Amino acid sequence: MASIPPNQTLYIRNLNDKIQKEVLKHALYGLCIAYGRVLDIVALKTMKMRGQAFVAFDDITAATAALRQLNGRRIFGRPLQVEYALSKSNVVAQNDGSYRFNEPHKHMSAVERKRITDESSEEDDIGPAPPATNEDYEATRDNGDDEVSPSSTLFITNLPDNISIDVLAGLFQKYAGFQEVRPVPGKRNMAFVEYATVDSASAARNVLNGFKLSADQPMRVAFSR
DNA sequence: AGCACA
């Protein structure tokens with residue numbers, strides 16, 4: 001079996017394509033960041049590309065470690081199939097100066113190209129991506145009800161019943177200071193998330209409170225008491 | 001199964 005030469009980008013397939021794209025990326029990020037710096041994650045929901053993702057690492061060593069550890073690992077109910085990508089990601093090309101944003105990477109008719117483009121812009125995500133900044137967040141935040149004082153432990157409620165620890169870890173690991181997710185025994189729709197400091201917990205809370213993991217259930221992220 | 005990104 002002719003194998004693919006090492007590449008600092010991994011090609012991942014067999015992903016559950018029912019999962020909201022942003023959630024998927026967060027989860028992959030959470031899994032991958034353990035092996036090195038992650039430069040970018042690309043996932044498309046086009047006909048051709050759904051169920052697949054590209055994770056660009058800092059270097060080949062990190063990618064190789066992630067490939068070894070993550071291949072076959074179950075996430076969202078499916079074992080990941082991880083290989084090296086065939087080509088260089090744009091992010092890495094940009095980094096090494098070889099990026100030319102014109103050169104066609106595929107031979108495709110104009111109509112095919114248009115079809116792909118249309119599909120890419122189609123909005124099939126269930127809910128919104130987490131706001132990118134705290135400023136964005138102010139618009140979506142619920143100015144509510146917690147009189148609990150800030151803490152390094154977050155208490156998550158209103159989760160979809162069948163949520164996995166993987167998903168939550170994927171989401172919360174993206175924010176600095178993340179330590180662990182702890183299930184609440186007997187309560188499938190709640191969890192604790194531990195951060196190193198009050199500030200890091202607070203930052204994660206600011207972004208993720210109200211984030212939808214399912215269409216109708218914005219999760220609530222509060223400080224634990 | 002399916003190797004993209006502006």
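What you are looking at is a predicted structure, and each value in this text was computed from that prediction instead of being measured. What's counted below: heavy atoms across the whole structure, side chains too, no hydrogens, waters or symmetry copies. In what follows, chains carry the letters A, B, and so on, assigned in the order in which the sequence lines appear, proteins first and then strands, with residues in each chain numbered from 1.
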salt_bridge(A/D96, A/K88) N-O dist < 4.0 Å: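 Yes.
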Without decimals, in angstroms, what is the distance between [X] [atom1] and [N] [atom2]?
X     : N     : atom1 : atom2 : answer
A/K88 : B/dA4 : NZ    : C1'   : 15 Å
A/L15 : B/dA4 : CG    : P     : 16 Å
A/L44 : B/dA4 : CG    : C1'   : 6 Å
A/D17 : B/dA4 : CG    : C1'   : 17 Å
A/N16 : B/dA1 : CG    : C1'   : 16 Å
A/Q81 : B/dA1 : CD    : C1'   : 9 Å
A/Q94 : B/dC5 : CD    : P     : 13 Å
A/E83 : B/dA1 : CD    : P     : 13 Å

Aromatic ring pairing A/Y11/A/F54, orientation class (parallel under 30°, perpendicular over 60°, tilted between):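 Ring orientation of A/Y11 relative to A/F54: tilted.
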Sugar-phosphate only, base, or nothing, as touched by A/D40 at under 4.0 Å among non-hydrogen atoms: nothing
Touch class at under 4.0 angstrom, heavy-atom based, for A/I41 against every strand present: nothing
A/K48 vs B/dA4: side-chain N/O to OP1/OP2 distance below 4.0 Å: yes
Nearest listed nucleotide, side chain of A/Y99, among B/dC5, B/dA6, B/dG2: B/dA6
Given B/dC5, B/dC3, B/dG2, the nucleotide with the shortest approach to the side chain of A/L86: B/dC3
Over 12 foreign heavy atoms within 6.0 Å of CZ, A/R68: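 Open: at most 12 neighbouring heavy atoms sit under 6.0 Å from CZ of A/R68.
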Presence of donor-acceptor pair under 3.5 Å, side chain of A/T9 and base of B/dA4: no
Same cluster (ILVMFWY, side-chain, under 4.5 Å), A/V92 and A/L67: no
Under 3.5 Å: donor-acceptor pair, side chain of A/S151, backbone of A/T153: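 Side chain of A/S151 to backbone of A/T153, a donor-acceptor pair under 3.5 Å: yes, one is there.
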